Amino acid sequence: MAQQSCLRKAWGIPGLLERVSTCFKTVADPVAGRAFALKDHLMAGLAVFSLEYPSRFQFDSEACGDEAVHTTLTVLFGISDSPSDSGLCKCHDRVDPRSLRPAFKALFPTLQRGKNLENDIWIDDHDLLSLDGTDHVSSKHSHCEHCCEKHHRNGSVTDY
């Protein structure tokens with residue numbers, strides 16, 4: 001019975017986030033002397049996506065001002081202080097996406113063994129799993145060379 005409890009913990013959200021956090025700790029930080037650990041930046045980015053915030057700015061506002069959000073970030077994501085909106089943007093742009101692959105490799109087999117992917121769409125015996133966060137993270141205030149642009153009828157531009 002104890003083994004079954006450990007397996008459920010590994011397949012649950014806290015266990016999966018702990019695995020991701022462990023992988024993020026090994027990612028080489030391209031910037032020395034950062035105010036927040038790179039792992040915290042990456043986990044905060046994952047929180048923006050996972051908690052379905054429409055923008056990093058809204059996430060930043062609620063992470064600082066809402067006690068429930070702060071508790072969720074501390075307990076589930078292991079983040080005691082969240083980097084700012086602009087800090088997340090600057091940090092994530094410099095991280096080599098290939099360095100995040102170990103986190104995916106750590107999670108995918110666990111999700112398969114836990115039968116979490118059984119109801120997902122299959123084509124030619126391959127799982128289809130969407131992990132693109134471009135629609136979840138956007139800004140009308142910050143831009144980088146890697147951003148896509150959405151031009152609105154009123155003339156404003158949103159970067160995503």
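Note that this is a predicted model, so its numbers are computed, not measured.
- We find the CG-OG distance between Leu38 and Ser99 to be 7.5 Å, quoted to the nearest 0.5 Å.
- Nearest heavy atom pair, residue Thr158 against residue His152, reads OG1-NE2, 2.6 Å.
- Residues Leu51 and Leu73 share a closest heavy-atom pair of CD1-CD2, 4.5 Å.
- Heavy-atom minimum distance, Phe24 versus Ala103: CE2-CB, 3.9 Å.
- Counting all heavy atoms, side chain and backbone alike, Ser21 lies closest to Lys39 at OG-CD, 3.1 Å.
- Here Glu67 contributes atom CD and Thr74 contributes atom OG1; the two are 8.0 Å apart, rounded to the nearest 0.5 Å.
- Looking at Val95, Val20, Leu46 one by one, the single match for side-chain contact (heavy atoms from CB on, under 4.5 Å) with Leu100 turns out to be Val95.
- Of all the heavy atoms in Pro14 and Leu76, the pair that sits closest is CG-CD2, 3.8 Å.
- When all heavy atoms of Ala47 and Phe59 are compared, the closest pair comes out as CB-CE1, 3.9 Å.
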Stepwise, does the side chain to side chain contact (heavy atoms under 4.5 Å, CB included) test hold for Phe77 with Leu17? CA-CA 6 Å; Phe77 291 88; Leu17 290 173; 3.7 Å; yes

